[in-house]
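Notes follow once the structure below has been shown.
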There are 2 protein chains.
Amino acid sequence: MKNLTRRLPIVVAATLLLFSPFAQAVTDNFADIEAQVALQHDAGVQRLQEWIRLPSIAAEDLGFPEGPEHMVTLLQDVGFQHAVVVETDGKPGVFATLDAGAPRTLGVYFMYDVKQFDTTEWSSPPLEAALVEKEGLGMVIMGRGAVNQKGPEMAFLEAIRAIREAGRQLPVNLVLVAEGEEEIGSPHLGQIVNRPDVQAALAGTIGVIMPSASQGRDGIVTVSLGAKGVIEVQLTASGERWGRGPGKDVHSSLKAMIDSPSWHLIHALSTLVSADGNTITIDNYPQPLPVSEAERAMIAEAAKRKNEEQFKEALSTQRWIDDLAFEQALVRLVSQPTVNIEGLVGGYTGPGGKTVLPHKAQAKLDLRLVPDMTAKGALAALEAHLDKHGYGDIEVVMSGGYDPTSTPAEAELIQAQIAVLQAAEIDPIIWPRSAGSYPGYIFTGPPLLLASGHFGLGHGSGAHGPDEYFLIESYNPEVEGWDGAVMSYVQYFYELGKP
Amino acid sequence: MKNLTRRLPIVVAATLLLFSPFAQAVTDNFADIEAQVALQHDAGVQRLQEWIRLPSIAAEDLGFPEGPEHMVTLLQDVGFQHAVVVETDGKPGVFATLDAGAPRTLGVYFMYDVKQFDTTEWSSPPLEAALVEKEGLGMVIMGRGAVNQKGPEMAFLEAIRAIREAGRQLPVNLVLVAEGEEEIGSPHLGQIVNRPDVQAALAGTIGVIMPSASQGRDGIVTVSLGAKGVIEVQLTASGERWGRGPGKDVHSSLKAMIDSPSWHLIHALSTLVSADGNTITIDNYPQPLPVSEAERAMIAEAAKRKNEEQFKEALSTQRWIDDLAFEQALVRLVSQPTVNIEGLVGGYTGPGGKTVLPHKAQAKLDLRLVPDMTAKGALAALEAHLDKHGYGDIEVVMSGGYDPTSTPAEAELIQAQIAVLQAAEIDPIIWPRSAGSYPGYIFTGPPLLLASGHFGLGHGSGAHGPDEYFLIESYNPEVEGWDGAVMSYVQYFYELGKP
């Protein structure tokens, strides 16, 4: 298998030769678009770098309103006739449409925000978006948002540009919504998507796609049929709310006569999961659906193809939960809800010790949800449990979250992906459900009931951690670089545009 | 009762008139020294301000070697003939002697280090040492170390200076040891005190005193007969040491197949104390001695004199542990060991959430000890308990600590305090044991077996917290300001110098 830009055109041309009723397609080998992609390569990479240098981080109130305004500019620049900032009670969204006069319309979901970062942890500054060499991989852009999600999104936009610059019409119309709060759990996405004009536009689409870098380091592509839901909650115990313990940090010697909100929190937390941390023990917690035979078959197939040792090494992990075999660990990954501690913070957090009895302690949790659990149901069970066990004073703030999402493998949005990949001689792993979360529920749930998924060749890693990157020039013919990623969207548009 | 500088001389003069065999003492009303104290008032306050502006913080490796060098200079300046920096494996100490040709020698314990601070929490910058008005109290110096312990220590030095400047000989010789690691649990104090030259010098003293501001806001003086011991420990759970969980922070969705060191820590902590956080449940933990009748009587007397409501208000606390009555809460304060959480820190600690599964989580604890518990015994029990319960992988680092200390009420060092106070018409609260800790064990334990205690009039508060202060000009005649604090040491020297 060779890089997409050098290989795909011929294969797809053959496909089109056989099936396309359009005169243009019969002779279409995309050579003109491929040439245009190569021509605009440097400028496109620069546009990505400029975007990374303008971070929008909702948790830190950084990069607003510059972020949504730049998003609008990027969309207008590739030909969206309508592109507007949409205000919400939180950070603004963007709504845009591109009418190509095509018979079919594709929905698109973008996020323009990025995760927080700690510059000291990076080997190249996260806002520099420098081109650096990554051993064994190639030249990458390193920066916050490189793969999550600006790199794939910019490649998607460059595909639209290349088609236009090649003198062609886009084979599908586009309806796009972008949000600036994905990294805090999309608390106001509903306020964007549920607007009558946005609903009406989305209702006419064949489904909603999010650009993503779906290739692993080994080039293998995973097509996910959904994603877990999630709620992020901060649990705070304090003397003020408890009515016990101090209302400010006091000298630690007073622990002998004053209660400790920190111990109150520790004991509350210890009731949420089993002693090994892995079985949820929240009373009346919503239960996951059993794993279906189809899901088990997909996971068994995937387990054979994924490299367990590489996976463990990438995660610096020696053992899976309960020392499970790889396939069983993957079943758990796909099917089980979680209660995870993201962070603990209370009292003195500097080097060594400090003799205080803190008045407040906080645990940051995320709870992943699988069908048919709901964000609302999980939160209600957590709150009821704390209340019942004597921890009703602990403040529970849900900072974001949403339900799980699923799309059937038969959906056109998925089948078109598989067709493009197979035409490129890539046999994708079909994966029942991403263990991570994205707010696809807003499209797959009522009233829209659309298909939703991710697509895009190319590779990147480091989302949410340091040294996040997106591959630009690939040393490995099995893994696409920038031009291959752009071309994958070109192929996808033409596949979806088929009558 | 009026301020000491305006009241004490007459009372003490009367005492001396009756009992002193010295010609000088017969006519001694300290008027000359008192005049000198007034004369050097501004310069003394300035010397304190300059000292506060030079913080030494062992936990942050800040202010070394400037701190010990300045300590030596301060001691030489008031007449210590011998004053040297003493190296240790940690921060240096200081050893100094002042030979006044007197028949008796007093040991003195100083700390030149101060607690960490967070400037943003202060109403006046902690290193500015500004003179600010505190409502209802008077003019105070606000700054880190103002009361803990530079203010009282500087007042002590100013007393020595005033006696010399008044043309007199100090009535006692002095042997002083200072350390720069008190705030991290005095891990190397033994290396200073156990030096042959220091041991020999201290062995010849009547006991070791530490200057302190012993007056409450209401002017009441507490004389403590000892202090709890303490160990400070940091407990760290990590994927690296556990062999389970990730070796670096990974995406939180992986919680479904990877163990969590944070949950491991939470469950380990939950085994250390009862569900209410107040009863230690560490297996085979050393037990406290029963409270003696003498101690109960002292506490009962103190409970009558302390103002519970003011105490609660100062601590922002509504209830004592188990809703105990004040006297029972004070019995607990004096007699019970504690396991306190100073701080929790793990994973993401910023605003909102961040979807990571952290590879590491830490709890910072302090464990207060009462007779006959030892620091060594408490640490060993904690480690054995963790090991037995399946948490042997959790790293336990003891950053400092020491045994409890006790001195009998009959000790001359204590009786001299009571005499000075009673002569000033102050009826002190005799307190069995401070709930806070200081390393008096190094003097009261073998081989020295000396008396040890704290003394000094004056008032301050905010040790370890923001807005720490030491009172300079008092609005309340019941509470001594700077000159009164200085004069209290003058009185104490003369009382101890009596043959």
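Every chain is numbered from 1 and lettered A, B, ... according to where its sequence line falls, protein lines coming before strand lines. Because only heavy atoms are used, hydrogens play no part in the values below, and waters and symmetry mates are left out as well, while side chains stay in.
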**Request:** Could you please spell out the steps behind the side chain to side chain contact (heavy atoms under 4.5 Å, CB included) verdict for A:Tyr348 and B:His464?
**Result:** CA-CA 11 Å; A:Tyr348 176 67; B:His464 296 199; over 6 Å; no

**Asked** Can you check side chain to side chain contact (heavy atoms under 4.5 Å, CB included) on A:Trp242 and B:Arg319, steps first, answer last?
**Response** CA-CA 11 Å; A:Trp242 190 16; B:Arg319 294 176 182 79; over 6 Å; no

**Message:** Let's go through B:Ser252 and A:Asp366 carefully: what are the C-alpha distance in whole Å and the side-chain angles of both, what is the deciding distance for side-chain hydrogen bond (donor to acceptor under 3.5 Å, both in side chains) to 0.1 Å, and is it a yes or a no?
**Reply:** CA-CA 8 Å; B:Ser252 71; A:Asp366 60 44; 2.7 Å; yes

**Prompt:** For A:Val339 and B:Trp263, what are the C-alpha separation, side-chain angles and deciding distance, and is it a side chain to side chain contact (heavy atoms under 4.5 Å, CB included)?
**Reply:** CA-CA 10 Å; A:Val339 176; B:Trp263 279 124; 3.7 Å; yes

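The shortest heavy-atom contact between A:Ile258 and B:Leu315 is CD1-CD1, 3.8 Å. Taking each heavy atom of A:Gly353 and B:Ser399 in turn, the nearest pair found is N-OG, 4.5 Å. Among all heavy-atom pairs drawn from B:Pro351 and A:Ala59, the shortest one is CG-O, 3.9 Å.
Residues A:Thr355 and B:Arg368 meet the side-chain proximity criterion, which asks for heavy atoms closer than 4.5 Å. Counting only heavy atoms from C-beta outward, the side chains of A:Asn278 and B:Lys255 approach each other to under 4.5 Å.
Among the candidates B:Val331, B:Asp323, B:Leu265, the residue making the largest number of heavy-atom pairs closer than 4.5 Å to chain A is B:Asp323. Note: B:Gly352 leads B:Ser274, B:Gly352, B:Ala463 in heavy-atom pairs under 4.5 Å with chain A. With respect to chain B, the highest number of heavy-atom pairs below 4.5 Å among A:His359, A:Lys115, A:Lys228, A:Glu60 belongs to A:Lys115. Among B:Asp276, B:Leu344, B:Leu269, B:Val345, the residue with the largest count of heavy-atom pairs under 4.5 Å with chain A is B:Leu344. Highest contact tally toward chain A, considering only B:Glu183, B:Gln234, B:Gln318, is held by B:Gln234 [criterion: heavy-atom pairs under 4.5 Å]. When each of A:Gly243, A:Pro337, A:Ala256, A:Gly343 is scored by its heavy-atom pairs under 4.5 Å with chain B, the top score falls to A:Ala256. Highest contact tally toward chain B, considering only A:Gly239, A:Pro358, A:Ser316, A:Gly347, is held by A:Ser316 [criterion: heavy-atom pairs under 4.5 Å]. Taking A:Ser260, A:Ala268, A:Gly245, A:Gly465 one by one and counting their heavy-atom pairs under 4.5 Å with chain B, the maximum is reached by A:Gly245. No other option in A:Asp118, A:Ile266, A:Leu324, A:Ile184 has as many heavy-atom pairs under 4.5 Å with chain B as A:Ile266. Between chain A and the options B:Ala275, B:Pro246, B:Gly436, the largest number of non-hydrogen pairs under 4.5 Å is found for B:Ala275. Top candidate by heavy-atom pairs under 4.5 Å with chain B, chosen from A:Asp249, A:Val273, A:Val334, is A:Val273. The choice from B:Val230, B:Val250, B:Asp259, B:Thr338 that makes the most heavy-atom pairs within less than 4.5 Å of chain A is B:Asp259.
Only the side chain of B:Leu272 comes within contact range of chain A, judged by heavy atoms closer than 4.5 Å. Interface remark: B:Glu342 contributes backbone and side-chain atoms alike to the contact with chain A (heavy atom separation under 4.5 Å). Looking at B:Lys354, the atoms closer than 4.5 Å to chain A (heavy atoms on both sides) sit in the backbone and in the side chain alike. Only the backbone of B:Ala314 comes within less than 4.5 Å of a heavy atom in chain A; its side chain stays farther off. Both the backbone and the side chain of B:Ala329 come within contact range of chain A, judged by heavy atoms closer than 4.5 Å. For chain B, no part of A:Thr271 is nearby; none of its heavy atoms comes within less than 4.5 Å. At a 4.5 Å heavy-atom cutoff, the contact between B:His251 and chain A is made by side-chain atoms alone. Residue contact with chain A, scored on non-hydrogen atoms closer than 4.5 Å, is absent for B:Ser437. For B:Arg332, the parts lying near chain A are the backbone and the side chain together; criterion is any non-hydrogen pair under 4.5 Å. Contact of A:Gln116 with chain B is made through backbone and side chain together, with heavy-atom distances under 4.5 Å.
Here the side chain of B:Lys364 pairs a donor or acceptor atom with the backbone of A:Gly350 at under 3.5 angstrom.
Note that the CG atom of B:Leu333 and the OG atom of A:Ser253 stand 6.5 Å from one another [nearest 0.5 Å].
For B:Lys360, the NZ atom counts as loosely surrounded, since its 6.0 Å shell holds 12 or fewer non-hydrogen atoms of other residues, nucleotides or ligands. Taking a 6.0 Å sphere around CD of A:Glu313, one finds it holds 12 or fewer heavy atoms contributed by other residues, nucleotides or ligands.
Using a cutoff of 4.0 Å between basic side-chain nitrogens and carboxylate oxygens, A:Arg244 and B:Asp322 are not scored as salt-bridged.
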